Amino acid sequence: MQKRSPPDSEHELLSRVNKISGQTLAQLAAEVHWPVPADLTRDKGWIGQLIEVHLGASAGNLSEPDFQKLGIELKTIPLTAKHQAKETTYVCTVPLLNNIGLQWWDSCVYKKLSTVLWIPIEADPQLALAERKVGSGFLWSPDKEQWDILQTDWEDFMELISLGEVESITAHQGEYLQIRPKAANASAVTTGIGIDGLRMQTLPRGFYLRTLFTNKILQKRFSRD
DNA sequence: TGGTGATCATAC
DNA sequence: GTATGATCACCA
């Protein structure tokens with residue numbers, strides 16, 4: 001199969017999502033003639049990229065939504081054997097400089113989370129990578145309560161950062177969002193503002209969604225009620 | 001044992 | 001280094 005063209009509509013996108021639902025990663029890889037790695041240690045983004053190819057995501061490594069025309073961001077969710085979110089979800093890099101006056105609605109977190117296509121995927125380590133199946137993907141946008149908490153978290157973090165306290169932030173902080181390193185290794189540096197108000201070199205960090213939060217999204221979507 | 005801090009591949 | 005895609009791996 002060739003790399004697919006971007007879907008023209010939400011309907012077309014969801015049709016493609018339904019087609020990969022229930023398939024194993026081996027089946028999807030075979031269709032695009034990709035080898036299946038032994039494990040994800042050196043291919044951490046492999047599943048995400050495999051799904052992108054099948055659905056026709058178009059942004060590449062640009063700072064754009066995966067489905068530009070539709071304004072939709074694609075995220076895979078690795079699931080434990082109990083079908084709970086296994087890992088946190090990376091959202092975007094934390095702006096450490098020139099962020100004075102930055103408003104929530106202009107933030108990368110707000111933009112990325114406005115419309116997300118979630119694709120749950122089995123990630124039980126007992127299951128061979130090739131045998132893991134793709135779940136039922138679905139479109140999601142935060143509800144008002146979720147937006148409020150995300151905004152509060154973001155504003156709290158950005159205040160600390162503007163006060164030069166970025167290095168005092170740990171992943172324990174934040175209700176739905178958290179800030180953790182996002183870098184090639186612990187030696188990587190970027191420019192930020194120190195406690196003295198001067199520029200300083202510090203570790204690049206990213207915003208992540210806690211599994212507590214993504215599990216709420218999954219429960220709401222798949223609960224039978 | 002699970003969550004935090006660290007890390008991996010790749011394009012530019 | 002920063003953007004994309006994330007999971008690894010150690011230790012409290």
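This is a predicted model, so every value here is computed, not measured. We name chains A, B, ... by the order of the sequence lines, and we start the count at 1 in each one.
Phosphate proximity of C/dT7 to A/Thr41: absent, as no side-chain N or O sits under 4.0 Å from OP1 or OP2. For A/Arg205, no side-chain nitrogen or oxygen approaches OP1 or OP2 of B/dA6 to under 4.0 Å. At C/dA3, one or more side-chain N or O atoms of A/Thr93 fall inside 4.0 Å of OP1 or OP2 (strictly under the cut-off).
Under the side-chain contact (heavy atoms from CB on, under 4.5 Å) test applied with A/Phe213, the options A/Ile149, A/Thr89, A/Leu150 reduce to a single match, A/Leu150.
Of the possible polar contacts, none joining the A/Arg205 side chain to the A/Glu167 backbone as a donor-acceptor pair under 3.5 Å is found. Looking only at distances, no side-chain donor or acceptor of A/Ser21 sits under 3.5 Å from a matching main-chain atom of A/Val17. Within the 3.5 Å criterion, the main-chain N or O of A/Glu64 finds no donor-acceptor partner in the side chain of A/Gln68. Between the side chain of A/Ser15 and the main chain of A/His11, no donor-acceptor pair closer than 3.5 Å is present.
Side-chain atoms of A/Thr76 lie closest to C/dA6 of the nucleotides B/dA6, B/dG3, C/dA6. Each of C/dG1, C/dT2, C/dG5 was ranked by its minimum atom distance to the side chain of A/Pro204; first place goes to C/dT2.
Legend: disulfide (SG to SG under 2.5 Å) pairs involving residues 167-210 of chain A, not counting sequence neighbours: none detected. Contacts classified as salt bridge (Lys or Arg N to Asp or Glu O under 4.0 Å) and involving residues 108-119 of chain A (residues at least two apart or in different chains) are given here: A/Glu73-A/Lys112. Sorted by first then second residue, the salt bridge (Lys or Arg N to Asp or Glu O under 4.0 Å) pairs that include residues 140-160 of chain A, not counting sequence neighbours, are A/Asp143-A/Lys220, A/Lys144-A/Asp148.
The stretch residues 176-183 of chain A comes close to DNA chain B through A/Gln178, A/Arg180, A/Pro181, A/Lys182, A/Ala183, each having a heavy atom under 4.0 Å from the strand. The stretch residues 161-175 of chain A comes close to DNA chain B through A/Thr170, A/Ala171, A/His172, each having a heavy atom under 4.0 Å from the strand. Within residues 108-133 of chain A, no residue has a heavy atom under 4.0 Å from DNA chain B.
Straight-line distance from the CG atom of A/Leu212 to the P atom of B/dG2: 15 Å, rounded to whole Å. If you take CD of A/Glu64 and C1' of C/dT2, they are 15 Å apart, rounded to a whole angstrom. Rounding to whole angstrom units, CG of residue A/Leu203 and P of B/dA6 are separated by 7 Å. For A/Leu209 and C/dA6, the CG to C1' distance is 13 Å, given to the nearest whole Å. Taking atom CZ on A/Phe207 and atom P on C/dA3, their separation rounds to 13 Å, with Å as the unit. In this structure, the CD1 atom of A/Ile47 is 19 Å from the P atom of B/dC8, given to the nearest Å. Rounded to a whole Å, the NZ atom of A/Lys86 is 11 Å from the P atom of C/dA9. Between the C1' atom of B/dT7 and the CG atom of A/Leu40 lies a distance of 14 Å, rounded to the nearest Å.
A donor-acceptor contact under 3.5 Å links the side chain of A/Lys44 to the base of B/dT7.
Between A/Trp46 and A/Trp34, the angle of the ring planes lies from 30° to 60°, which puts this pair in the tilted group.
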Worksheet item: Could you walk me through whether A/Arg180 and A/Gln178 pass the side chain to side chain donor-acceptor pair (under 3.5 Å) check?
Response: CA-CA 7 Å; A/Arg180 305 216 308 278; A/Gln178 66 180 178; 2.5 Å; yes

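Mapping A/Glu87 and A/Thr190 onto DNA chain C via the closest heavy atom, the residue that lands nearer the 5' end is A/Thr190. Nearest-nucleotide mapping onto DNA chain C: of A/Gln49 and A/Asp39, the residue sitting toward the 5' end is A/Gln49. Place A/Arg42 and A/Tyr208 on DNA chain B by their nearest nucleotides, and A/Tyr208 ends up nearer the 5' end.
A/Phe157 places a side-chain heavy atom less than 4.5 Å from the side chain of A/Phe207. Within the 4.5 Å cutoff, the side chain of A/Leu129 has heavy atoms near those of the A/Pro37 side chain.
If you check every strand for non-hydrogen atoms under 4.0 Å, A/Gly45 touches a base. No contact: A/Gln84 has no heavy atom under 4.0 Å from any strand.
Between the side chains of A/Thr211 and A/Tyr208, no donor-acceptor pair is found at a separation under 3.5 Å.
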